[in-house]
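Per chain, numbering begins at 1; letters A, B, ... match sequence-line order.
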There are 2 protein chains.
Amino acid sequence: MKNVPAHQVHDCALCPLKQFSVFLPHSKQELETVQSQKRKESLYGPGEEVIREGQIQVPLFTVLQGWAFRFKSTATGQRQILSFLLPGDLVGVQQNMAESAAHGVEALTDLRVCVFERDAMWQLHQQHPALGFKITWLTAKGEWLVDDALLSVGKRSAEERVARLLVLLFKRLRVLQPDFDMREGMVFPLTQQHIADALGLSLVHTHRTLRRLEKKGLHQVRDGRLHVCDPVALAELADLNDSTSQAQRPLV
Amino acid sequence: MKNVPAHQVHDCALCPLKQFSVFLPHSKQELETVQSQKRKESLYGPGEEVIREGQIQVPLFTVLQGWAFRFKSTATGQRQILSFLLPGDLVGVQQNMAESAAHGVEALTDLRVCVFERDAMWQLHQQHPALGFKITWLTAKGEWLVDDALLSVGKRSAEERVARLLVLLFKRLRVLQPDFDMREGMVFPLTQQHIADALGLSLVHTHRTLRRLEKKGLHQVRDGRLHVCDPVALAELADLNDSTSQAQRPLV
DNA sequence: CGACGTGTTGATCTCTCTCAATTAGAGTGG
DNA sequence: CCACTCTAATTGAGAGAGATCAACACGTCG
């Protein structure tokens, strides 16, 4: 871990996440409060642990740049990835509630995070209810992701899980990258092991499943970039029909 | 669904959850705000849907009495139970964030819930930051449960999953029931199908796994009551060693 | 160069699923 | 009181998705 030197730390008013994160303040007062709670910015390298499972005194922070993931392990060391973290995601809300971290966080790429004071959670709620509300919102959004992952791991086939992970990441990424060119694909720092750990599959079976989807022409991963070749078919397989998704479900 | 007649509705000051829920107000002003946001109390019977998946305009509510569960289904109708809801649990935070319900909620027993106004989330945050903070807390706690379930379904064997579910429910129940007698067991309204749906297992395999644990003398389910016969062995199997849980994990 | 991480592929094994049929208890109606 | 129905639990048998074990290929890096 390295701290960003003071003169390179972003001023909240110039935050690169300005257009994306719900967490960002809108009024001048809110801005000042957030700024006052900001402690520093830190950098991590790929594979570096940002939060260790069980660590105490976990800070609250936001991802500014790069990818990371939350995970939890069993006593035997089996690791399950709970969710992937992208710029704008808030981390550490759960941690602030308990004595020690309920899950670990590890960087996938070079990672830049914005770290807040330990009691920022409370200060933000207290001084600007609108910010508190946004924190709740982000927390709920985080739970949506986990709910969805649980449904996948519990009830979907390997193929469906992989397809869904790809499509969901693709969608999240596209939002963050407005000037996106379909032909170039998107940065995709996950190894097959990460995918396996996120989907509750073995490494070998994950590999075979990816290969199968690729042979069907649905996607391609090369040189750390993801190319979604057939978005429609992939979304279909992923049970992510944009259309009237909910209405289609059997009502009885 | 039936609404509780006005004269039988609890006054917030006399809320039966007083001693349990973090959500409950502590100051007089907070109490008044919560009371003002309370719209009604409703009753549901076992198997009745409290929230339908995809339903719009979902209210915020708290469980007062009884059991329920949150669930999500695939396009093919496969149902995954995301978490079980007990008295004191807050439901509908996620829902308030999106247009439509991200998950359904179904009653397991006779269920009594306390329903709030649609914009209660915002009102509570705004008027009493401390309450907003508690809502965030409860939301984060809810996510902890799902994180844990995801780890189980992703990485644990059928036996471990069942054991863990039983122990976790047992612990949650014991907190809610201070005058608890070990010999009498606890109310346990889950069918094997519910357990299967929560753990991502088939009904048949869930049954066999339960039987195996029972034969080992770890637990017993009879007449809708759960008896934990060997708490230590069960917790062991469930990877829930109360002792120094976190410290035991491999640090590298 | 050797070590290591990641991807790849084949062979084998097993946990868990699916299909199928039976039993037991609760409720309903004649 | 008994036949009828429905749900939940139960048990057996066979099938399969995915796990495990084992090698090997390839690029990177100290």
Side-chain angles (χ1 to χ4, degrees), chain A residues 45-48 69 74 76-81 106-109 152-165 188-215 219-226 237 252, chain B residues 45-48 67 69 74 76-81 106-110 152-163 165-166 187-215 219-227 237 252:
Chain A
E48 200 172 345
F69 61 87
T74 67
T76 58
Q78 303 254 77
R79 180 179 72 174
Q80 173 71 38
I81 292 182
E106 184 177 317
L108 275 166
T109 64
S152 279
V153 177
K155 299 288 165 183
R156 294 189 212 275
S157 71
E159 250 187 24
E160 291 166 334
R161 291 185 221 179
V162 172
R164 177 164 263 257
L165 178 65
F188 193 77
L190 305 192
T191 65
Q192 296 181 348
Q193 184 66 64
H194 290 126
I195 300 179
D197 285 348
L199 301 180
L201 297 170
S202 73
L203 172 59
V204 175
H205 198 242
T206 300
H207 169 253
R208 288 198 230 270
T209 306
L210 277 166
R211 269 266 158 286
R212 207 175 319 134
L213 292 187
E214 196 175 336
K215 263 173 202 154
H219 82 289
Q220 209 163 27
V221 178
R222 192 151 39 194
D223 305 322
R225 305 204 129 245
L226 165 66
L237 189 55
V252 183
Chain B
E48 199 173 345
W67 293 44
F69 62 86
T74 66
T76 58
Q78 303 255 77
R79 181 180 72 174
Q80 173 70 38
I81 292 182
E106 184 177 316
L108 275 165
T109 64
D110 280 324
S152 279
V153 176
K155 300 287 166 184
R156 294 188 212 277
S157 70
E159 249 186 24
E160 291 167 333
R161 291 185 220 179
V162 171
L165 178 65
L166 293 181
V187 190
F188 193 76
L190 305 192
T191 65
Q192 296 181 347
Q193 184 67 63
H194 290 127
I195 300 178
D197 286 348
L199 301 180
L201 298 169
S202 72
L203 172 60
V204 175
H205 199 242
T206 300
H207 169 253
R208 288 197 229 270
T209 306
L210 277 167
R211 268 265 157 285
R212 207 175 318 134
L213 293 187
E214 195 174 337
K215 262 173 202 152
H219 81 287
Q220 210 163 27
V221 177
R222 190 149 43 193
D223 305 323
R225 305 205 130 243
L226 165 66
H227 301 258
L237 189 55
V252 181

Let me know the distance between CZ of Arg156(A) and C1' of dA17(D), rounded to the nearest Å.
17 Å
Starting from P on dT28(D), measure out to CG on Asp223(A) and report it in whole angstrom.
10 Å
Does Gln80(A) use its side chain to pair, donor to acceptor, with the backbone of Asp197(A) at less than 3.5 Å?
yes
Would you tell me if any nitrogen or oxygen in the side chain of His207(B) comes within less than 4.0 Å of OP1 or OP2 on dA9(D)?
no
Considering all heavy atoms of both residues, which atom of Leu199(B) and which atom of Arg161(B) are nearest to each other, and what is their separation?
O-NH1, 2.6 Å
Toward the 5' end of DNA chain D, by each residue's nearest nucleotide, Gln78(A) or Val204(B):
Val204(B)
Nearest whole angstrom, please: distance from the P of dA8(D) to the CD1 of Ile195(B).
13 Å
Select one nucleotide: of dA8(D), dT11(D), dC21(D), the one nearest the side-chain heavy atoms of Thr191(B).
dA8(D)
So if I take every side-chain heavy atom of Leu201(A) and compare against dG18(D), dT8(C), dA20(C), which nucleotide ends up nearest?
dG18(D)
Rounded off to whole Å, could you give me the CZ-to-P distance for the Phe188(A) and dG7(C) pair?
10 Å
For the residue pair Ser202(A) and His205(A), confirm or rule out a side-chain donor-acceptor distance under 3.5 Å.
no
Could you state the atom-to-atom distance from CG of Leu210(B) to C1' of dT16(C) in whole Å?
15 Å
Within the distance-only criterion (no hydrogens, no angle test), does the side chain of Glu48(B) pair as donor or acceptor with the backbone N or O of Gly45(B) below 3.5 angstrom?
yes
Below the 4.0 Å mark, does dT9(C) have OP1 or OP2 next to a side-chain nitrogen or oxygen of Arg211(A)?
yes
Output the rounded distance in Å from CG (Leu203(B)) to C1' (dT11(D)).
12 Å
Is there a salt bridge (Lys or Arg N to Asp or Glu O under 4.0 Å) between Glu106(B) and Arg79(B) once you walk through the steps?
CA-CA 12 Å; Glu106(B) 184 177 316; Arg79(B) 181 180 72 174; 3.6 Å; yes
From the options dC17(C), dA9(D), dC21(D), select the nucleotide whose nearest atom is closest to the side chain of His205(B).
dC17(C)
Any side-chain N or O of Gln192(A) under 4.0 Å from OP1/OP2 of dT8(C)?
yes
Using whole Å, what does the distance between atom P of nucleotide dT14(C) and atom CD of Glu159(B) come to?
16 Å
When only distance counts, do a donor and an acceptor, one from the side chain of Arg208(A) and one from the base of dG7(C), lie under 3.5 Å apart?
no
